[in-house]
Amino acid sequence: MSVATARHFAPKPGNKAVSLFRDKSQKYKQQKKPQSKPIPWVDVSDEEPRHKDDKNPLKRNGAVVNGQEQGQRRKKPRHSSNGEQKDSSSGAGPSSASKASAIQQQRKDLPIAQGREALIEEIRANDVTVLLGETEVPQYLLESGLAGNGMIAVTQPRRVAATSLAARVSQEQGTPLGQRVGYSVRFDEKSTSNTRIKYMTDGMIVRELLSDPMLSKYSVVVVDEAHERTLRTDLLLANLKEIINKRNEPSGKGKGNPDPLKIVVMSATLDAEKFSKFFHNAKVIYVKGRQHPVKIYHTAEHQLDYVDSAMRTFFQIHTDQPPGDVLIFLPGQEDIESLQASIDLFARQLPVDKPNVLTCAMFAAQAQNKNAQAFTPAPPNTRKCILATNIAETSITIPGVKYVIDTGKCKEKQFLARTGGGGLDTLLTRDITQSSAMQRTGRAGREGMGVCFRLYPESAFKAMAPSLEPEILRTSLTSSILQLKCLKQDIRELDLMDSPDDDSVLSAFKTLWILGALDQRQQLTDSGRKMAAFPVDPVYACAIVASAGYHCTSEVVDIISVISASSKLFVDISDQRDAVAEQRRKFRHPSGDHMTILNVLRAYEETSAGEGQSGRKDKAARKEWCRKHFLNERTLIEAQDIRSQLRTVCERENINWMESALKKTAGAAAGSVNADGVIYEEDPILKALGHGLCGNAAFLQPDGTYKQIMGPSTVKIHPSSVLCDKKMPAIIYDELVFTNHIYARGVSAIPKSFFATHEPFKQKSA
DNA sequence: GAGCACTGC
């Protein structure tokens, strides 16, 4: 280790930098001005081998193990007899604290190009194999004939990964996408009966479990990115463990294996042992990765203000380091915009002999075309500086990045269960995990040697949690428990890698009971079975089922389609706030956000309607209309996909989705939303929503805040709501999020009388 | 008076 000699960038004293930091934000309270003290760096990584995989930008990198190497048991995962394998499998890290370095050592043992045959042999010999590092395992399996006549499923947590990997592999195989190699994600499937490798989201294969509990179509299931431990990956792993017990007869009992299933779990290094243990000490194989080395620097001391530290680090890089773009990881939009303003300001004061600086911000709420600017190469003599949230950590790879600045912070939603039913999401800034830090570091080494500046000491890195808590421990379980009920499984009896807290389970059971999906004995009800058929949160599934009784399924399905879409409907453009507000007023409905959403959707569908046959013209008109009204068209298009899916389910469940509460007076243009002749009968719509959201309700108090009906909290209406600052006697809301306050988001007013007469509420709130 | 990132029959 050595203290690096990087000079620091000292802003001129007395300039205006201070005012750029918003002191209303708590984390800047102590902020005086950019410190003039240099940041001492400590070099901890002399030559870490990194993956290089240009062909596969979506895949996770190998780990940057943190320096020191201890002598650990080495295992050569080469050809070995079966007897030996059982032993050596537990040798992956026999209760060792510093298994990471052992793994690092072992990773070097099997460069995949030479180890391919060995790898196939290992998988052939074992029911379950845990594989570390990135490989082209699915192709090898196919080419080796190991899969027999069955299919190979490769699961991914994200749909972009599933579709793009399928595209790449089918190209390598020289076959059209959807033939030999296909994929299956929601709304989109490209596979045929000839398909041998199917890339799919983990949610999709969990869905297949409902109709095919033995996954009999597949002879190999490759669970990729297993270390991410999504809720669906965990449920899949639990079921896979059951399935191999049933499908794979132990040899020696004379029955043979007529239809065995192979499981390959692909994971990052840190979690290998846990996966191995879960599958009764399954074989672990380490694969050497291929990426350029990344030099890692930690700060010598804790940094009080990571935004300021990031700025000074950027200018240290800019003035001292050779060309190459810089990627800065920050927790959220507020920090990004503040830092961007500071960097832009100081960049204008640079000496003329220094290259220019071009900053781009990246975060999910930002308009897509603005996010896309990060991909445009910088002009000559310009260093690009990308300021990004976690969006650039896994889902997106930005070319040209040579330097990474890691603040070590992120924002994360965490669900706080309440036994009273419902719950609360927190969205707070917190420290990242070690695997996240490694992931961020890896972003510097994709095209060549890179450098990563971590704005925290090495001791802080070591103190970080190794990886994120599995999703099953930090998310609402209502949806999963309802699904499992349909499989006749009980989450408390399932053999999971991590079992959820009792609180979380009880809270979910109570919510499902309030919704009428389960009875007092926790048995699935008829309407619960209906709800489970809808691919939306049970709260909204309940509203759809209830809407039939109010004859307004058309509107309720429309609204829920938009709420369930993955991206936000309203685009934020910080520097056009007034224009945004003005456009938004056009859709505002006095009853609140739900009817406002309906207004937007209907208005969107009316644009360019009746303009003739040209579909292309309509498309362009809609796009322009969305831009003008600061709406995210992707959300609306996705909502339409979801809607057609929901309508299909309605048909299957004998709910007439065409029933509408929309009343038109004579002469009004059909469906025109804001025309005077059109009146929504919103009461039935809100009442139907109220059936689902009755646990998410609050009454106005004299001081203007709202008090939860079925919980202890005092809540405020989120500033993004059309009802913000309005005093409504009673409200329902989509969710509670705790940031600076407990905010209700997605809010509508509902008659207070609804709660007096609403049957489930009357009985169950008592 | 404010918005981490994913995903599904």
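Letters go in sequence order (proteins before strands), and every chain restarts at 1.
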Could you list the donor-acceptor pairs under 3.5 angstrom formed between side-chain atoms of residues 530-545 of chain A and any protein atom two or more places apart in sequence or on another chain?
unit_1: A/Lys530; atom_1: NZ; unit_2: A/Glu653; atom_2: O; d: 3.4
unit_1: A/Asp537; atom_1: OD1; unit_2: A/Val539; atom_2: N; d: 2.9
unit_1: A/Tyr540; atom_1: OH; unit_2: A/Asp734; atom_2: OD1; d: 2.7

Pairing residues for A/Thr648 by the side-chain hydrogen bond (donor to acceptor under 3.5 Å, both in side chains) criterion, not counting sequence neighbours: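 For A/Thr648, no residue satisfies side-chain hydrogen bond (donor to acceptor under 3.5 Å, both in side chains) once neighbours in sequence are set aside.
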Please report, rounded to the nearest Å, how far the [atom2] atom of [N] is from the [atom1] atom of [X].
| X | N | atom1 | atom2 | answer |
| --- | --- | --- | --- | --- |
| A/Phe187 | B/dC6 | CZ | P | 16 Å |
| A/Glu412 | B/dC4 | CD | C1' | 8 Å |
| A/Lys716 | B/dA2 | NZ | P | 8 Å |
| A/Phe415 | B/dC4 | CZ | C1' | 18 Å |
| A/Ile742 | B/dG1 | CD1 | C1' | 17 Å |

Name the closest nucleotide to the [X] side chain, picking from [options].
| X | options | answer |
| --- | --- | --- |
| A/Arg232 | B/dT7, B/dA5, B/dA2 | B/dT7 |
| A/Ser566 | B/dC4, B/dT7, B/dG1 | B/dT7 |
| A/Arg186 | B/dG1, B/dC6, B/dG8 | B/dG8 |
| A/Arg158 | B/dA2, B/dG3, B/dC6 | B/dC6 |
| A/Thr201 | B/dA5, B/dT7, B/dC4 | B/dT7 |
| A/Arg745 | B/dA5, B/dG3, B/dT7 | B/dG3 |
| A/Ser720 | B/dG3, B/dA2, B/dT7 | B/dA2 |

Lys/Arg-Asp/Glu bridge criterion (N-O < 4.0 Å) met for A/Asp188, A/Arg159: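 Salt bridge between A/Asp188 and A/Arg159, a charged N being under 4.0 Å from a carboxylate O: no.
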Pair A/Glu334-A/Lys411, salt bridge (charged side-chain N to carboxylate O under 4.0 Å, His left out): steps then yes or no: CA-CA 12 Å; A/Glu334 188 182 8; A/Lys411 276 192 194 176; 5.5 Å; no
